[in-house]
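Right, one structure below, let's go through it.
Everything quoted here is computed from the prediction, not taken from an experiment. Just so you know, ligand 1 is whichever comes first in the structure, and atom 1 is the first atom listed for that ligand.
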Amino acid sequence: METSNGPLPLNIYHVQKLLLIINRLHMFLHSTALGFLFYYRVCFLFQDTVTRGSHLLPWLLVFASEIILSFIWFVGQAFRWRPISRSVFPERLPEDDKLPAIDVFICTADPIKEPTLEVMNTVLSSMALDYPQDKLHVYLSDDGCSPITLHGLRKAFEFAKWWLPFCRRYRVKNRCPKAYFSGLENDDCDFAKSSVYMADKQKIKGKYDAFKEEIETFRKASAFSGDCTNVRDHSSVIEVMQENDDVDNVKMPLLVYVSREKKPSNPHHFKAGALNVLLRVSAVMSNSPYILVLDCDMFCNDPTSARYAMCFHLDPKLSSSLSFVQFPQRFHNISKNDIYDSQLRSIFTLQWQGIDGLSGPVMSGTGFYIKRVSLYGIRANEGGTDLLQHQEYFGSSNEFIKSLTQNYTSVFPSSRNTLLKECHLLASCRYDVGTKWGQYVGFLYDSVVEDFLTGFILHCNGWTSVFSNPSKPHFLGTATTTLNDVLIQGTRWYSGLFENGISKFCPLIYGTKRMPLLQSLCFVEITYLPLYCLPLWCFAIIPQLCLLNGVNLYPKVSDPFFIIFVFIFVSSLSKHLLEVFLTGGTLQKWINEQRIWMIRSTTSHLYGCLDALLKKVGLREASFLPTNKAEDDEQTKLYQLDKYDFRTSNIFIVPILVLLTVNIFCFVVGVYRVIIAGDWDKMFMQLALAGFIIIVNYPIIEGLVIRKDKGRISQSVATRVILATMILLASMNCYKMHNMP
Ligand SMILES: O=c1ccn([C@@H]2O[C@H](COP(=O)(O)OP(=O)(O)O[C@H]3O[C@H](CO)[C@@H](O)[C@H](O)[C@H]3O)[C@@H](O)[C@H]2O)c(=O)[nH]1
Ligand SMILES: [Mn+2]
């Protein structure tokens, strides 16, 4: 399609002007108010010791907390500076035979936490992408080295021979069999009246049920026989599944099972290690220039994602520096009010759209199409020739090094056996020892949030990314639906993020020198997000204790600075509310987000920071506990009903209870004290703060005293924690009163 001005564009973007104006206006007002707040605090420090009284320490703590909160707020504004939205025109793409090939990487690690049927649904949905099938190659990495997964994959390949032609013939819109047969989405529209279609659908449904049955039978039999490989110590297993003949005039995509070698003596670097093995093995097998990375629980909900991604990758204006096209993580099991904010609303709607207006979103682990060469450790503006720095960079495989040249064609499948031998070498646990894998090449090893770090370094090297966020989710995953899972997963993320903040890759120094300032501030915000734990712990304790003792930390109601504090409080809450509304949320969702923010900050953020610090001084080892994806009906039901499941580990529930007790105790005693002393004016802000914390955390009180179901807070733990906290508070109070002049 040519016009007088050249070919029509494959994509366009719009700056969201109204949002941009609102955001910048808010930034201006809010930062002016923060300026006044700092002025107020600094003036206090210059008062003479008599006026300042003896409460310098609480003042300093509260001031430090305000500084940290303001810092996180300030750097977070980079996400709001220039929000954009994009549209694509896949119909303008070149003919199918001119499209580049794609390798799909799927990772799984544990057949119990990651049920085989779900994993196979992800595999099948990616094999059925609406893309020339001879240009698709699907690789499954199994870090669990489980016979159940391998068996499941063989069966999935058999089923695919039915499923793929069916999807193609009837232009099925949701090609994940589980989603299609669930009937939640009406996918029959074009052929609803055709009896042939209905008969075919019935037949395929029968095949799918049989496939499900086979997986289940095999799982039970394996559980019974107790056969399992030692997941930490085994040799590599690679199996190539290939159909030479066309099925229904369609060529089947290549399907490859890879379980890399593991030895206890060699660190395996979790998902990053698994992805790097796939990167190497696929290089000698199919060597596609683009790669789609998927977690095993994230199926393709719309088959057009590959074409959408190509609208960016093949755009001559973007392509030379474009590394990856990121789709948002969306989830199929989100309840209406999403009590745990499992969908990470702010990140995948607002923040990624904002950073897309700068140099592009942060890599988000799954659902992205990445250009292979960008992973080979070169800069965006360098040619491919430096790639051939040979073995010290890429390891000893000559076949892999040959694959780096542009005109490499794989000898697969003609020299199948030789090549398989090479693949075992590439999947061996010592292959990357002494090479640049994980440091410069491939997915990086220095953090358990390998996606964040890899994306960050790509941006530092001049690569860009694009956010593709069509209204129909192209990928759907399984979100965590219990408080315990949410907090454990969070602890891992925040540990990984904070780890970057205290490493040589600290975005504040490393990033600001290498990428545009606003872009680097976005990375700074994410890295230091776990620091929320400091101000939140402080605000949940210090003003409350001071309230007990009549020490005021905020201006009196009659003081003009009172307005400043109220403004800052209202301004941040209402901006958050506006953002929730603009992204389709409700008032209830807003309160839920406030609450889970407090819970996360006082638990996972804190433990994440501690974990990162302990790793830094060598007292802890990195670990990656895969998130549980197996659904438990009873727990899912609680989440769907917006009821918190308080059956968490004690390390999470104890701090939550302690802080709530402190707030209720201080609020009640504070009210009593204020009535006697008659100093409402002076203590109003502190009373209001404790009151606000109690109201936001009301469901915890409910879980403690009203609820009778299984998800309530354990009475025995609660009684002990609450009593201990109250005794401590009361004795502190008595001690203070005793020592008062
Ligand atoms: O040793 C491991 C551990 C995990 N995985 C796989 O990694 C993926 C992500 O693991 P999951 O337990 O689902 O972690 P999440 O916290 O849900 O994942 C988020 O955070 C990770 C970084 O911590 C990113 O890699 C993910 O893409 C992102 O969805 C899954 O497919 C796992 O099978 C491995 O292959 N090997
Ligand atoms: Mn996950």
Tell me the nearest of [options] to [atom], using heavy-atom distances.
atom                    : options                        : answer
atom 11 (P) of ligand 1 : Lys629, Arg260, Gln489         : Lys629
atom 26 (C) of ligand 1 : Thr454, Ile488, Asp295         : Asp295
atom 19 (C) of ligand 1 : Trp493, Phe452, Phe368, Phe624 : Trp493

Sub-4.0 Å atoms of ligand 1 with respect to non-hydrogen atoms of [X]:
X      : result
Glu450 : 22 (C), 24 (C), 25 (O)
Asp143 : 1 (O), 2 (C), 34 (C), 35 (O), 36 (N)
Cys296 : 31 (O)
Pro626 : 12 (O)
Phe270 : 1 (O), 2 (C), 36 (N)
Thr366 : 27 (O), 29 (O)
Thr627 : 11 (P), 12 (O), 14 (O), 15 (P), 16 (O), 17 (O)

Taking the basic N atoms (NZ, or NE/NH1/NH2) and the acidic carboxylate oxygens, is any pair closer than 4.0 Å for [X] and [Y]?
X      : Y      : answer
Arg345 : Glu593 : yes
Asp611 : Arg492 : no
Asp633 : Lys637 : no

Which word best sums up how the rings of Tyr308 and Phe327 line up, parallel for under 30°, tilted for 30 to 60°, or perpendicular for over 60°? tilted

Indicate the ring-plane relationship of Tyr340 and Tyr644, choosing parallel, tilted or perpendicular according to the 30° and 60° boundaries. perpendicular

Nearest neighbour in protein (non-hydrogen) for atom 24 (C) of ligand 1: Asp451 OD2, 3.5 Å

Regarding Tyr639 and Asp338, is there a side-chain donor-to-acceptor distance under 3.5 Å anywhere? yes

Location of contacts on [X] toward ligand 1, heavy atoms closer than 4.0 Å:
X      : result
Glu114 : side chain
Gln329 : side chain
Val448 : backbone

Taking all atoms of both residues into account, what is the closest heavy-atom pair of Lys262 and Asp143, and its distance? NZ-O, 2.9 Å

Can you tell me if Ile112 has over 12 outside heavy atoms packed within less than 6.0 Å of its CD1? no

Decide whether the shortest distance between a heavy atom of Ser141 and an atom of ligand 1 is less than 4.0 Å. no

Check whether Phe348 forms a cation-pi arrangement with Arg330 (NZ or CZ under 6.0 Å from the six-membered ring centre, at most 45° off the ring normal). no

